[in-house]
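A short write-up of the structure that comes next.
A, B, ... follow the sequence lines: proteins, then strands. Residue 1 opens every chain. FYI, side chains are in, hydrogens and waters are out, and symmetry mates aren't considered; it's all heavy atoms of this structure. This one's a predicted model, so the numbers in the text were calculated from it and none came from an experiment.
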Number of protein chains: 2
Amino acid sequence: MPVETKEQLFRHFESYIPLSDSLKKELEDRIAFSTFKKGQEIHNAGKVCTESHFIFQGLTRLYFLKDGKEITEYFSSEGEWVNSPRSFTQRTTDIYYIEALETTEVFTLKVQDLVFLFDHFPEMERYARLSMNTVFGHFLERITSMRFTTAKEKYEHFCHTYHDIYHRIPLGMIASYLGITQETLSRIRAER
Amino acid sequence: MPVETKEQLFRHFESYIPLSDSLKKELEDRIAFSTFKKGQEIHNAGKVCTESHFIFQGLTRLYFLKDGKEITEYFSSEGEWVNSPRSFTQRTTDIYYIEALETTEVFTLKVQDLVFLFDHFPEMERYARLSMNTVFGHFLERITSMRFTTAKEKYEHFCHTYHDIYHRIPLGMIASYLGITQETLSRIRAER
DNA sequence: CCTAATTTTTGACCTATATCAAAAACTATC
DNA sequence: GATAGTTTTTGATATAGGTCAAAAATTAGG
């Protein structure tokens, strides 16, 4: 791994909390750099999710199966963590799969290492609280935009909030994320 | 305030973290008991939300205005905190109003007191992280249940997750929460 | 490159739910 | 407990977006 890359991870933390040298060192010791190929499975619903991945480069989706079809819950890209949320925090299995939509380079942190960091660095607790706040806000906005909006408005809202990545995602996955059929999404795109 | 009531609040904290005597004392000193009458405004969108209320008894809703109509974002009841999330954490104004749907008794914590607690009791950071996890899970489930479900399924899911309170909420508010019209909800109810 | 597989688009038709309007059933207040 | 206000129900009609099916376009593998 190039030395500079982990700077992106540190900057991410530093946008929420100051990073002491000792915490930096512990982080360095506990994160592992790895790469998933396009289409590769990052997590399988059958297992307990024991790792969280910070995306350095690439794009992933979290999805589940409904009536045999894949329904995308959300996408994650550069500068975001991806894991199967409930599985990771509750140490149970859950319905979600994670797949790399592009070649994706990540820093991986195991759940037991995260627990260690929470136990020894109170600022990590604060980091978690503050960064969850950010996600929380996105979720609220999404819930709002899903009610009382036409399919077209949903798509426009999607392009707006996923501005940097919407053109890298297959149409069918966007449709299932938005809760509309791909035929409808195709027609919406056609009229522009 | 009856002495026993604050025990409910302490038990709430203790379901996430152990409560030291010193933290208990600080909490006691900083929480204020008060009551909102049915229909009373707890928070107004025009203001920055500087208080968070732990509901001891009662029911509230968080809503915003769209085209002059009130759209309910969610309901909160016994054992839950209610505030205007982004306004409270970012200290800005936001679109949300909060209203008491019943006579509602709360413990109120001011934002500066919460900041004090976060700064002096790292376990409070942990409490916040863990309790947000719970809410996070509910949100994910809600987002899932809002796509690819009929109006009837949405209502059934609502009755299931809001099992204890759904019968205390006016139909129109449930409809706007679910993103369907009240006429449709009325017809769904009729056929059972 | 060529072929197969996958994804997207287009077309025809149908259904769930929205909209508009008015009646009925509650609730609250004097 | 009569009156006014609010909430819920019922009815008639319209439409956005679903479903099913097949063609076109794109992507990937040998």
Which pairs would a plain distance check flag for residues 89-97 of chain A, meaning a side-chain donor or acceptor within less than 3.5 Å of a matching protein atom at least two apart in sequence or in another chain?
| residue | atom | partner | partner atom | Å |
| --- | --- | --- | --- | --- |
| A:T89 | OG1 | A:P85 | O | 2.9 |
| A:D94 | OD2 | A:R86 | NE | 3.3 |
| A:Y96 | OH | A:E73 | OE1 | 3.0 |

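- Taking A:K69 as the reference, nothing meets the side chain to side chain contact (heavy atoms under 4.5 Å, CB included) condition, with sequence neighbours excluded.
- Put simply, NE2 on B:H167 is 18 Å from C1' on D:dT7, counting in whole angstrom units.
- With sequence neighbours excluded, the residues that form a ring-ring contact (aromatic ring centres under 6.0 Å, His included) with A:F75 are A:Y162, A:Y177.
- The CZ atom of B:R189 sits 9 Å away from the C1' atom of D:dT8 (whole-angstrom rounding).
- Look at CE on A:M146: it is 20 Å from P on D:dA16, rounded to the nearest Å.
- In this structure, the CD atom of A:Q182 is 16 Å from the P atom of D:dG17, given to the nearest Å.
- The aromatic rings of B:H157 and B:H160 are tilted relative to each other, their planes meeting at an angle between 30° and 60°.
- Rounded to whole angstrom, the span from the CD atom of A:E191 across to the P atom of D:dG17 amounts to 10 Å.
- Spacing between atom CG of A:L171 and atom P of C:dT10 amounts to 12 Å, rounded to whole angstrom units.
- Partners of A:K25 according to the side-chain hydrogen bond (donor to acceptor under 3.5 Å, both in side chains) rule, which considers only residues two or more places apart in sequence or in another chain, are A:D29.
- With sequence neighbours excluded, no residue satisfies side-chain hydrogen bond (donor to acceptor under 3.5 Å, both in side chains) with B:E105.
- Contacts between residues 97-105 of chain B and DNA chain D, defined by a heavy-atom separation under 4.0 Å, are absent.
- Looking at residues two or more places apart in sequence or on another chain, you find no side-chain hydrogen bond (donor to acceptor under 3.5 Å, both in side chains) involving B:E123.
- In this structure, CZ of A:R147 is placed 17 Å from P of D:dG17, rounded to the nearest angstrom.
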Hey, can you pull the donor-acceptor pairs under 3.5 Å for the side chains in residues 42-55 of chain B, sequence neighbours left out?
| residue | atom | partner | partner atom | Å |
| --- | --- | --- | --- | --- |
| B:N44 | OD1 | B:G46 | N | 2.7 |
| B:N44 | ND2 | B:E41 | OE1 | 3.4 |
| B:N44 | ND2 | B:E41 | OE2 | 3.4 |
| B:E51 | OE2 | B:K110 | NZ | 2.9 |
| B:S52 | OG | B:N83 | ND2 | 2.9 |
| B:H53 | ND1 | B:T108 | OG1 | 2.8 |

- Note on the structure: Whether each nucleotide of nucleotides 16-30 of chain C has a protein heavy atom under 4.0 Å at its base (B), only at its sugar-phosphate (S) or at neither (-) is summarised, 5' to 3', as -SSBBB------S--

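- For the atom pair CD1 of B:I31 and NZ of B:K6, the computed distance is 6.5 Å after rounding to the nearest 0.5 Å.
- Partners of B:E183 under the side-chain hydrogen bond (donor to acceptor under 3.5 Å, both in side chains) rule, at least two apart in sequence or in another chain, do not exist in this structure.
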Donor-acceptor contacts under 3.5 Å from residues 126-133 of chain A side chains, at least two apart:
| residue | atom | partner | partner atom | Å |
| --- | --- | --- | --- | --- |
| A:R126 | NE | B:E125 | OE2 | 2.5 |
| A:R126 | NH2 | B:D119 | OD1 | 2.8 |
| A:R126 | NH2 | B:E125 | OE2 | 2.9 |
| A:Y127 | OH | A:H12 | NE2 | 2.6 |
| A:Y127 | OH | A:W81 | NE1 | 2.8 |
| A:R129 | NE | B:E125 | OE1 | 2.5 |
| A:R129 | NH2 | B:E125 | OE1 | 3.1 |
| A:R129 | NH2 | B:E125 | OE2 | 3.2 |
| A:S131 | OG | A:Y127 | O | 3.0 |
| A:S131 | OG | A:A128 | O | 3.3 |

Protein N or O to nucleotides 4-6 of chain C N or O, pairs below 3.5 Å:
none

